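I have placed the structure first, in the form of structure tokens, so that the comments after it can refer back to it.
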Amino acid sequence: MAIGRRIPPILAGDTASDGQTDRKRDSRRASSAGAARRRSGRQNPGHPSGAPDLEHGTGAGSDRIFDPGRRGCFSRASMAGNRTIARYYLTFAGEIKDFMSNEQLAAMAAALRRIVTEGDAYGRSNEGADQKVIVEFVSSNPNGPITVAGGRSAAIGDVLASLLEATGHSVTREYYINDALSSEQMINFGKSVFYRYLEIQGSASPIEGDEPPDWLYEGDYVTAIAREIAASRGGEFEGADLDDPQTAYTFRALSQERMIARQKADLEALDVRFDNWYTESSLHDAGLVSAVVQNLTERGHTFEKDGALWLRSTAFGDDKDRVLVRANGVASYIAGDAAYHKDKFDRGFDKAVNVWSADHAGYVARTKAVVAALGYDPSRIDVLLYERVRIVKDGELIQPSLHGGGALELKSDVIDEIGADAARIFFLLRAPETALDIDLDRARKADGDNPVYAAQSAYARVLKTEPVASIDDTDFSLLTSESETSLIEKLSAFPGEVSLAARERAPHRLVQYVRDLAALVPSLDAGAEVSAARTVLLDATRIVFKNAFALLGVSAPERM
RNA sequence: GCGCCGGUAGCUCAGUGGAUAGAGCAUCAGUCUUCGGAACUGAGGGCCGGGGGUUCGAAUCCCUCCCGGCGCACCA
């Protein structure tokens, strides 16, 4: 919407450049005025003089006249106040001449000056006040490639981290490797690699019957690793016992490094890089897990039952008590997680943001409970849950195959198909709490239906103009068309959008913003007069695109 | 059964208690011409799942019901 600009029918033919636009403005103005009249007619009788004072509570006897623009309009972008003025003109004075106040022009000019002056820094702020935040995302067992769900986590976490950096937080990106010795998943994984190893070595399959055992990881990558081990170590392990835990440990140890390297490569293909890869096993090795169990016991928050040690997490808002140490003496996952989160705070982080898939929703309460039991404010943990991802190809959902290990892979199923830029944008196309279907065909199309193409080609269009050397003498009053004022309004909203997206942990807002911005660009081209003001506008648009792309971690190609 | 997340235009989805609830696609109309896809401009299309409540004001907050997804381990 334009900034308070309306053209009455009687003047439209005189001021606008072509008849078609006239009709558009004409009809808009008419409906606007009508709506405004309806609105005011409704409002005045509806709000007698006894309406409460908005600023000072209900103050009986206040005769303040209700002001519909009071909060929403005045508190918005820097130019917003003028919008209200324009609206009042419309509402009460009716037909107004092509209207743009000096204040509006000044605000537009100031907005453009600010963008061009701040350049790369435009959109950044220091709201975070150097608060130390750790963003933990993707985190999984090192027992397979990164899945598409992991990809969504990666995109959300990485861009959220960038948003937090842009708003002045000190940010660490961390991947938590769930590699504890006691992990059932990892034991089964080690066992699976050994199983495949025996097959490769030509030993008789250790399992009788045709049905694969339910603990078996069936992905091709398991066989691939087993093959590598067979190649480098030969028959060394052929005599090992499948059911001996030590065998699983050995093969897990042999596989783990390769799997982590694979995961790292998968994520780098998405341009996601972590500051830390933090292993769960290191917590156990350092004695931090037993220490935290002891800590909780000393605080009186544990009890014994059925041979296990329990945390009385119900005392801290959880719906059930949780086992910390199993009857077999092995620490539970939550014990490790308690140590991990304590360690985050011990490392000096003020806030811990965790990006988890929605099937971990039930885990939030117990994690906060554990942290509270340890004496920390649970609000220092912020969990961002994201819903499932599906992939559509040729109009149909891709089904995960057994040889893929039962899950779609980030690298081969998404990035290899559409590239890292499109993958990042599509992962962030929806709010995290919304289930997401990624249509690969749409991501490859070169048209407006593809948000990546739309954004990058809009960017390429505004690159065509050379930036001006000085903006001091620019006459911004030339920028009065609706397409121009809408664009300026959008550009000036960028810093607020960055800050909101960071605050609300809503990185997808940035993608929405870029889409909206891109939609405003094409209409600028037609009949554009070459003016300094116009050049500044294009340059400002270029800057905002570039900064938004940088936050999103997508490239800003100079030509499409 | 309990808990969490969704339900907004034909479709896929945005939307910070505040202006006439928006975008893309689809549909329809028009414009341009490089006759190749397209691009551009506009139009139509909404009881914001139902019902209560709070508020000057609710898609937004509260209660309740319905529908869908997910979770409810001495797995992680």
Side-chain angles (χ1 to χ4, degrees), chain A residues 1 4 18 20-21 23-24 27-28 31-36 38-39 42-43 46-48 50-54 58 64-76 80 83-84 86-87 90-91 139-141 143 176 178-180 182-188 280 305-310 319-320 322-334 336-337 357-365 383 385-388 429-437 439 442 446-451 454 496-497 499-501 503-504 506 508-509 511-513 515-516 518-519 522-523 525-526:
Chain A
M1 186 192 245
D18 64 278
Q20 190 192 335
T21 316
R23 282 196 299 279
K24 162 196 160 193
S27 69
R28 279 203 174 186
S31 64
S32 297
R38 280 195 302 279
R39 188 179 177 78
R42 211 168 47 225
Q43 270 165 3
H47 306 291
D53 183 319
L54 288 164
T58 50
R64 176 191 285 271
I65 295 169
F66 172 63
D67 177 352
R70 178 150 191 82
R71 248 189 242 161
C73 296
F74 278 105
S75 66
R76 290 207 176 182
R83 272 199 268 174
T84 305
R87 185 167 153 232
L90 236 178
T91 303
S139 300
S140 61
N141 300 112
N143 61 3
Y176 185 49
N178 300 150
D179 66 341
S182 55
S183 156
E184 276 183 30
Q185 281 89 337
M186 289 309 295
I187 288 169
N188 288 340
E280 185 182 355
K305 193 180 88 180
D306 304 332
L309 184 71
W310 296 67
D319 52 354
K320 286 177 189 169
R322 307 290 172 181
V323 169
L324 280 177
V325 182
R326 292 174 256 190
N328 64 6
V330 174
S332 69
Y333 179 79
I334 195 154
D337 217 31
S357 63
D359 53 5
H360 290 74
Y363 201 75
V364 176
V383 180
L385 297 168
Y386 61 91
E387 278 288 343
R388 60 111 242 265
L429 207 49
R430 307 282 176 245
E433 60 271 19
T434 305
L436 172 68
D437 288 346
D439 186 337
R442 185 182 167 202
D447 64 24
D449 189 26
N450 179 355
E497 198 58 45
S499 124
L500 185 69
R503 221 167 40 239
E504 301 286 318
H508 71 287
R509 293 192 66 116
V511 168
Q512 292 294 334
Y513 176 87
R515 293 182 73 185
D516 290 346
S523 60
D525 274 355

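Keep in mind the model is a prediction, meaning the values are calculated, not measured. Letters A, B, ... are given to chains in the order of the sequence lines, protein chains preceding strands, and every chain is numbered from 1.
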(request) Would you give a per-nucleotide map of nucleotides 69-76 of chain B, 5' to 3', where B means the base has a protein non-hydrogen atom under 4.0 Å away, S means only the sugar-phosphate does, and - means neither? (result) -SSSSBBB
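Separation of the C1' atoms belonging to B:rG71 and B:rC75 is 14 Å when rounded to the nearest angstrom. The gap from the P atom of B:rG6 to that of B:rC13 amounts to 13 Å, rounded to the nearest Å. Separation of the P atoms belonging to B:rG49 and B:rA59 is 10 Å when rounded to the nearest angstrom. The same atom, C1', is picked in B:rC65 and in B:rG7; the two are 14 Å apart, to the nearest Å. Comparing the same atom, P, in B:rG52 and in B:rC11 gives a spacing of 26 Å after rounding to whole Å. Rounded to a whole angstrom, the distance from the P atom of B:rA76 to that of B:rC72 is 13 Å. As rounded to the nearest Å, B:rG69 and B:rU64 have P atoms that lie 22 Å from one another. For the P atoms, the distance linking B:rG3 with B:rU41 amounts to 50 Å, nearest Å.
When Watson-Crick and G-U wobble pairs are counted only if both distances are under 3.5 Å, B:rU55 pairs with no nucleotide at all. Searching all strands for a Watson-Crick or G-U wobble partner of B:rG44 with both distances below 3.5 Å returns nothing. Both distances falling under 3.5 Å, in either a Watson-Crick or a G-U wobble arrangement, occur for no nucleotide opposite B:rG17. Remark: B:rC4 base-pairs with B:rG69. Criterion, Watson-Crick or G-U wobble with two distances under 3.5 Å. Figure legend. B:rC25 is base-paired to B:rG10; pairs are counted as Watson-Crick or G-U wobble with both atom distances under 3.5 Å. The partner of B:rA38 is absent, by the rule that a Watson-Crick or G-U pair needs both atom distances under 3.5 Å. In this structure, B:rC32 forms no base pair with any nucleotide, since neither Watson-Crick nor G-U wobble geometry is met with both distances under 3.5 Å.
At a threshold of 4.0 angstrom between heavy atoms, the contacts of A:Asp516 with the nucleic acid are absent. Residue-level contact check: A:Ala431 touches the backbone only, with heavy atoms under 4.0 Å from sugar-phosphate atoms and none from bases. Here A:Arg503 lies out of heavy-atom contact (under 4.0 Å) with every strand.
A donor-acceptor pair under 3.5 Å is absent between the side-chain atoms of A:Arg509 and the main chain of A:Glu497, judged by distance alone. For A:Asp306 (side chain) and A:Ala308 (main-chain N/O), no donor-acceptor pair under 3.5 Å exists by modelled atom type. Checked by atom type and distance alone, the side chain of A:Arg326 pairs as donor or acceptor with a backbone atom of A:Ala331 at under 3.5 Å.
Spacing between atom CD of A:Glu433 and atom C1' of B:rU60 amounts to 13 Å, rounded to whole angstrom units. One can place CZ of A:Arg430 at 13 Å from P of B:rC25, the figure rounded to the nearest angstrom. Look at CG on A:Asp449: it is 19 Å from P on B:rG37, rounded to the nearest Å. For the pair A:Leu500 CG and B:rU60 C1', the computed distance is 14 Å after rounding to whole Å. Here the P atom of nucleotide B:rU60 and the CD atom of A:Glu504 are 17 Å apart, to the nearest Å. Atom CG in A:Asp439 sits about 17 Å away from atom P in B:rC11, given to the nearest Å.
With a 4.5 Å cut-off on side-chain heavy atoms, A:Glu387 and A:Leu436 do not count as touching. Inter-residue side-chain proximity for A:Pro451 and A:Val511 is flagged as unmet; no heavy-atom pair is nearer than 4.5 Å.
By the rule that a glycosidic angle within 90° of 0 means syn, B:rG36 counts as syn.
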(request) Under the side chain to side chain contact (heavy atoms under 4.5 Å, CB included) rule, what do A:Asn178 and A:Ser183 come out as? Steps first, then yes or no, please. (result) CA-CA 8 Å; A:Asn178 300 150; A:Ser183 156; over 6 Å; no
(request) Check step by step if side chain to side chain contact (heavy atoms under 4.5 Å, CB included) holds for A:Asp179 and A:Glu280. (result) CA-CA 6 Å; A:Asp179 66 341; A:Glu280 185 182 355; 3.5 Å; yes
(message) Before you tell me yes or no, could you show the steps for A:Tyr363 and A:Val383 under side chain to side chain contact (heavy atoms under 4.5 Å, CB included), namely the whole-Å CA-CA distance, both residues' side-chain angles and the distance that decides it to 0.1 Å?
(response) CA-CA 10 Å; A:Tyr363 201 75; A:Val383 180; over 6 Å; no
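Residue A:His508 has a polar side-chain atom (N or O) positioned under 4.0 Å from OP1 or OP2 of B:rG15.
In plain terms, the two heavy atoms of A:Asp449 and A:Arg442 that are nearest each other are O-NE, 2.7 Å.
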